[in-house]
Amino acid sequence: PVMKVRMSPDITYPVPRGATGVRGRAKRECPVQLVCREKSGYYKLLLEYGNPGKERFIAIYNPDGADLDGRRFRIEGRDGSDWEYFTILHTAGGEDKFSLMDRPLQNSYKKIGTRVIPVYETRTDRNGDFFLLLPQGESGGGEYAVSVGASGSRESVVKLEAGKINEILLEEE
């Protein structure tokens, strides 16, 4: 058996030229999440998700065949009023490409208009400092919703410049 482990570089990592990242400060020892708010850089549903609270499988349209296992996502309905977070544990092979989520979703989502947005995560250290390098080949600059804390409910919007390490200071609670 093979177990995939997603690793994130810290501030000591030799950052490649042209990489996009974020360095900043927030509340000590807590999660920090970035979600791209631009019109592109998200996935769509391959099939409707219509069994809220019961079904742990979701079908995501992934034309590039990116490895989604272990990744966290935010799913939003067409108007943005229904949204929630989930993590993909494993994606089946073959044509179906159903992905097993860490939990069932609480809402139904239509195939048309639903956005499945990658979430970039890190944690602050004991001093409140954090560093996050965005994966190469994915969204770089643009507008991001940033949340601090486990719930992800309190967001600030920041504008990141592609190809550089952006400095941000988040409100400390």
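By convention here, the first residue in the shown sequence is residue 1.
- When all heavy atoms of Gly128 and Arg28 are compared, the closest pair comes out as N-CG, 3.7 Å.
- Using a 4.5 Å heavy-atom cutoff, the side chains of Val119 and Tyr85 are in contact.
- Remark: Lys111 pairs with Glu48 by the side-chain contact (heavy atoms from CB on, under 4.5 Å) rule, at least two apart or across chains.
- By the side chain to side chain donor-acceptor pair (under 3.5 Å) test, Asp79 pairs with Ser81, sequence neighbours left out.
- Atoms CD1 and CG, from Ile117 and Leu34 in turn, are 12.5 Å apart once rounded to the nearest 0.5 Å.
- Partners of Arg103 by salt bridge (Lys or Arg N to Asp or Glu O under 4.0 Å), not counting sequence neighbours, listed by chain and number: Glu84.
- The CD1 atom of Ile58 sits 10.0 Å away from the CG atom of Leu47 when rounded to the nearest 0.5 Å.
- Phe86 pairs by the ring pair (Phe, Tyr, Trp, His ring centres under 6.0 Å) definition with Phe73, not counting sequence neighbours.
- Side-chain contact between Ile112 and Arg78 is present, with heavy atoms from C-beta onward closer than 4.5 Å.
- Here the CG atom belonging to Leu160 is positioned 6.5 Å from the CG atom belonging to Leu134, to the nearest 0.5 angstrom.
- Residues passing the salt bridge (Lys or Arg N to Asp or Glu O under 4.0 Å) test with Asp129, sequence neighbours excluded: Arg25.
- Listed by chain and number, the residues in a side-chain contact (heavy atoms from CB on, under 4.5 Å) with Thr124 are Ala26, Cys30, Val32, Phe130 (sequence neighbours excluded).
- Under the 3.5 Å distance criterion, the side-chain polar atoms of Arg37 are left unmatched by any main-chain donor or acceptor of Tyr144.
- Counting only heavy atoms from C-beta outward, the side chains of Pro52 and Gln106 never approach each other to under 4.5 Å.
- For residues 140-149, no pair satisfies salt bridge (Lys or Arg N to Asp or Glu O under 4.0 Å), with sequence neighbours left out.
- The stretch residues 53-62 participates, sequence neighbours left out, in no salt bridge (Lys or Arg N to Asp or Glu O under 4.0 Å) pair at all.
- A salt bridge is defined here as a Lys NZ or Arg NE, NH1 or NH2 lying under 4.0 Å from an Asp or Glu carboxylate O, and Glu161 with Lys159 fails to meet this definition.
- The structure places CG of Asn51 at 8.0 Å from OG of Ser108, a figure rounded to the nearest 0.5 Å.
- Its side chain within the 4.5 Å cluster rule, Phe131 clusters with Ile11, Tyr13, Val15, Leu133, Ile165 among the Ile, Leu, Val, Met, Phe, Trp and Tyr residues.
- The backbone N or O of Leu105 sits less than 3.5 Å from a side-chain atom of Tyr49, completing a donor-acceptor pair.
- The OH atom of Tyr43 sits 13.5 Å away from atom CZ of Arg115, with the distance rounded to the nearest 0.5 Å.
- Ser99 and Thr91 make their closest contact through OG-OG1, 3.0 Å (heavy atoms, listed as atom of the first residue, atom of the second, distance).
- Ring orientation note: the planes of Phe57 and Phe98 are nearly perpendicular, at an angle over 60° on the 30°/60° scale.
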Show the atom names and distances, to 0.1 Å, of all donor-acceptor pairs under 3.5 Å that link a side chain in residues 59-68 to residues at least two apart or in another chain.
unit_1	atom_1	unit_2	atom_2	d
Asn62	OD1	Gly65	N	3.2
Asn62	OD1	Ala66	N	3.1
Asn62	ND2	Ala66	O	2.8
Asp67	OD1	Lys4	NZ	3.1
Asp67	OD1	Asp69	N	3.2
Asp67	OD2	Lys4	NZ	3.1

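- Considering every non-hydrogen atom in both Met101 and Leu89, the closest pair reads O-CD1, 3.7 Å.
- At a threshold of 4.5 Å between non-hydrogen side-chain atoms, the residues Thr122 and Val22 do not count as touching.
- For the side chain to side chain donor-acceptor pair (under 3.5 Å) test, residues two or more places apart in sequence or in another chain that qualify with Arg23 are Glu167.
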Ile88 vs Arg71, side chain to side chain contact (heavy atoms under 4.5 Å, CB included): CA-CA, chis, key distance, verdict: CA-CA 6 Å; Ile88 291 180; Arg71 302 258 330 248; 5.6 Å; no
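- With sequence neighbours excluded, the residues forming a salt bridge (Lys or Arg N to Asp or Glu O under 4.0 Å) with Glu121 are Arg72, listed by chain and number.
- The distance from atom CG of Leu132 to atom CD of Gln33, rounded to the nearest 0.5 Å, is 10.5 Å.
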